[in-house]
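See below for the structure under consideration.
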Amino acid sequence: AVESGMNFLAIFTRDAVFAVAGDGPNAIGQGAFAQPALVANGQGAVPGSAHLSHAFGVFYQADRGIYLLTPNAQVQYVGAAVEDTVGTKTIKSIDVFDHNNEIRFLLQPDSGNSVICCFNTFYKLWSVWQLHETIVDQINYSTTGGSADNTHFILSNASPEMILQV
């Protein structure tokens with residue numbers, strides 16, 4: 001997986017995290033990117049899991065749970081409070097809800113009901129939403145013009161309806 005951080009490009013393999021800094025080649029191809037620098041060995045991303053670039057850094061899922069690659073290329077384990085909830089589930093999507101100071105992680109289990117782990121960016125606290133059905137995806141939608149009617153749409157696998165959480 002590849003994600004743009006604030007100060008570098010983050011490259012995730014199954015087993016490691018690398019950072020590439022610099023401007024890269026110019027418009028006529030002169031110059032090059034720096035060689036990837038190893039940031040963390042043994043804390044790579046789970047294949048197929050979501051990742052998100054945020055002002056705090058890059059959120060991603062490793063085998064142990066949810067991690068944050070900070071803007072100064074430090075890896076922090078931020079998911080300790082929801083470690084048992086995440087378990088072997090894969091993070092299907094991560095969406096930012098700035099108007100609520102939240103980042104919502106949709107977890108997709110191998111079978112059974114989906115779960116959303118919600119990280120409050122103001123208080124740095126987690127909450128867990130147990131959903132009583134399998135969720136296909138989630139999206140943060142707000143109308144153009146920056147109105148305050150931001151909403152969270154959740155698409156269910158069990159019914160053709162969308163669940164709306166404001």
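From a predicted model like this one, the values you see are computed outputs, not experimental measurements.
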message: Just to verify, what does Phe8 make a ring pair (Phe, Tyr, Trp, His ring centres under 6.0 Å) with, not counting sequence neighbours?
response: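 By the ring pair (Phe, Tyr, Trp, His ring centres under 6.0 Å) rule, Phe8 matches no residue at all.
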query: Between Gln43 and Gln76, is there a donor-acceptor pair closer than 3.5 Å when you use the side chain of the first and the backbone of the second?
result: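 No; zero donor-acceptor contacts below 3.5 Å.
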- prompt: Is it true that a side-chain atom of Asn101 and a backbone atom of Phe122 form a donor plus acceptor pair closer than 3.5 Å?
  reply: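 No.
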Without placing hydrogens or testing angles, list every side-chain donor-acceptor pair under 3.5 Å for residues 45-52, not counting sequence neighbours.
unit_1, atom_1, unit_2, atom_2, d
Ser49, OG, Val46, O, 2.7
His51, ND1, Glu3, OE1, 2.5

message: For the CG atom of Asn100 and the CG atom of Asn120, what is their distance to the nearest 0.5 Å?
response: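 It is 8.5 Å, given to the nearest 0.5 Å.
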Do you know which two heavy atoms are closest between [X] and [Y], and how far apart they sit?
X: Cys117; Y: Trp126; answer: CB-CZ3, 3.8 Å
X: Ser53; Y: Ser4; answer: OG-O, 2.7 Å
X: His54; Y: Asp98; answer: NE2-OD1, 4.5 Å

Let me check something: do [X] and [Y] share a hydrophobic cluster, defined by ILVMFWY side-chain heavy atoms less than 4.5 Å apart, either directly or through other members?
X: Ile94; Y: Phe97; answer: no
X: Val17; Y: Leu9; answer: no
X: Ile66; Y: Phe119; answer: yes
X: Val20; Y: Leu69; answer: no
X: Leu68; Y: Val86; answer: yes

field: salt bridge (charged side-chain N to carboxylate O under 4.0 Å, His left out) involving Asp63 - partner list, sequence neighbours excluded
entry: Arg14
Close side-chain approach of [X] to [Y], heavy-atom, < 4.5 Å:
X: Ile116; Y: Leu107; result: no
X: Lys89; Y: Gln108; result: no
X: Thr121; Y: Glu102; result: no
X: Phe59; Y: Phe105; result: yes
X: Asn113; Y: Gln130; result: no

Ignoring hydrogens and angles, write down the donor-acceptor pairs under 3.5 Å from the side chains of residues 23-42, residues two or more places apart or on other chains.
unit_1, atom_1, unit_2, atom_2, d
Asn26, OD1, Ile28, N, 3.0
Asn26, OD1, Gly29, N, 3.1
Asn26, OD1, Gln30, N, 2.9
Asn26, ND2, Gln30, OE1, 3.4

- prompt: Any ring-ring contact (aromatic ring centres under 6.0 Å, His included) pairs touching residues 68-92, not counting sequence neighbours?
  reply: Tyr67-Tyr77
message: Please tell me whether Asp15 and Thr13 have a donor and an acceptor in their side chains that are separated by less than 3.5 angstrom.
response: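 The criterion, which ignores hydrogens and geometry beyond distance, is not satisfied for Thr13 and Asp15.
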message: Can you list everything that forms a side chain to side chain contact (heavy atoms under 4.5 Å, CB included) with Ser127? Sequence neighbours excluded, please.
response: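 By the side chain to side chain contact (heavy atoms under 4.5 Å, CB included) rule, Ser127 matches Cys118, Trp129.
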